[in-house]
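As C-alpha cells, the structure follows; a few thoughts come after it.
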Amino acid sequence: METPGMRPAAQRRNPLNSGRTASNINPYAPAADPTQAWPDQPLVGSQHRDIENREDIVLLVETFYTSAFTDDLIGPIFTEVVHMDLAAHMPIMADFWQTVLFKAGLYHRNALATHVNINAKAPLTLEHFNRWLQLWTLTVDSLFTGEKAELAKVQAHQIGGSMHRRLTGKSASNYATISLRPDSRMR
C-alpha cells in the first residue's frame with residue numbers, strides 16, 4: 001500500500017544511486033528484474049541472495065574475471081597487455097571488494113597507480129570502463145540481489161568514474177569546484 005503523497009515504489013529513486021555521473025561513464029540504473037540481466041545464461045545457484053561473506057565475494061570476482069578475460073574489448077588488456085595471472089589476482093580483488101563492501105581493511109594497495117601503469121602501456125578508454133562496468137553489473141545481477149549487491153554496483157560505478165577522470169587528467173571528484181574569479185571580492 002502506498003502512502004498518500006508519495007510516488008509509487010517503481011518511481012522512487014534508489015537511495016544508493018544518486019543518478020549523477022561524470023566522464024560519460026554509463027550511469028548505474030538498477031535492473032527492473034535482475035534475474036533477466038543475462039537472459040541467455042542460466043543463473044548460478046537458485047537462492048539469489050545478497051553478498052554476505054568472503055566466499056560470496058570470491059565467487060563474484062572469479063565469475064566476473066572469467067567473463068572479462070574472454071571479452072573481445074577488455075579481455076586483451078588482461079591477457080596481452082598486463083599478462084595477468086588470474087589465480088594470483090583473485091585474492092587481491094577479493095581483499096579489495098571485501099574492504100569496499102564490508103570495511104574489512106584488507107586492501108592496502110594503490111589501485112589508481114596500477115591503472116596508471118596499465119594506461120601507459122595501452123590507453124584505457126571510456127569504452128573500456130563502460131564495458132568493465134557493464135560486465136560487473138551483469139555478473140552481480142546474475143549471482144546476487146540485495147543491499148550489498150546494489151552497493152557493489154554503485155561503488156564500481158563511482159570508482160570507475162573516478163579512475164577514468166584521473167586517467168584523463170581531471171579531478172577524481174565528479175563535482176566541479178566552485179571558485180571566485182581572481183578580481184572578485186566579497187563586498
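Predicted model, so just to flag it, every value in this text is computed and none were measured. We use all heavy atoms of the structure for the numbers below, so side chains are in, but hydrogens, waters and symmetry mates are not.
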Nearest 0.5 angstrom please: [X] [atom1] to [Y] [atom2], how far?
X      : Y      : atom1 : atom2 : value
Gln98  : Leu60  : CD    : CG    : 12.0 Å
Asn119 : Thr114 : CG    : OG1   : 12.5 Å
Gln155 : Thr99  : CD    : OG1   : 12.0 Å
His115 : Ile118 : NE2   : CD1   : 5.0 Å
Ile159 : Leu112 : CD1   : CG    : 11.5 Å

field: Min side-chain heavy-atom separation Asp50-Thr145 under 4.5 Å
entry: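 SC-SC contact between Asp50 and Thr145 ruled out.
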
task: Determine whether Arg166 and Met163 make a side-chain contact, defined as any pair of heavy atoms from C-beta on separated by less than 4.5 Å.
output: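 No, their side chains stay 4.5 Å or more apart.
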
Do the side chain of [X] and the main chain of [Y] share a donor and acceptor less than 3.5 angstrom apart?
X      : Y      : value
His128 : Thr125 : yes
Asp71  : Leu73  : yes
Ser162 : Gln158 : no
Thr70  : Ser67  : yes
Lys148 : Leu101 : yes

message: Salt bridge or not between Asp95 and Arg54? Use side-chain N to carboxylate O under 4.0 Å.
response: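 Yes, Asp95 and Arg54 are salt-bridged.
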
With a 4.5 Å cut-off on side-chain heavy-atom distances among I, L, V, M, F, W and Y, is there a chain of contacts connecting [X] to [Y]?
X      : Y      : value
Leu106 : Ile51  : no
Val61  : Leu135 : yes
Val58  : Val140 : no

- prompt: Testing Phe144, Phe102, Trp136 for ring-ring contact (aromatic ring centres under 6.0 Å, His included) with Trp97, which one passes?
  reply: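 When Phe144, Phe102, Trp136 are each tested with Trp97, the ring-ring contact (aromatic ring centres under 6.0 Å, His included) holds only for Trp136.
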
- prompt: Between Phe129 and His164, what is the ring plane arrangement, given parallel below 30°, perpendicular above 60°, and tilted in between?
  reply: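 Aromatic pair Phe129/His164 classed perpendicular.
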
Can you list, pair by pair, the side-chain donor-acceptor contacts under 3.5 Å of residues 81-91, counting residues two or more places apart and other chains?
{"unit_1": "His83", "atom_1": "ND1", "unit_2": "Thr79", "atom_2": "O", "d": "3.2"}
{"unit_1": "His83", "atom_1": "NE2", "unit_2": "Glu80", "atom_2": "O", "d": "2.9"}
{"unit_1": "Asp85", "atom_1": "OD1", "unit_2": "Ala87", "atom_2": "N", "d": "3.2"}
{"unit_1": "Asp85", "atom_1": "OD1", "unit_2": "Ala88", "atom_2": "N", "d": "3.4"}

task: Using the test side chain to side chain donor-acceptor pair (under 3.5 Å), find all partners of Asp56 that sit at least two apart in sequence or belong to another chain.
output: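 For Asp56 the side chain to side chain donor-acceptor pair (under 3.5 Å) partners, ignoring immediate neighbours, are Arg49.
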
Stepwise ring pair (Phe, Tyr, Trp, His ring centres under 6.0 Å) test for Trp132 and Phe78: CA-CA 12 Å; Trp132 191 101; Phe78 297 113; 8.6 Å; no

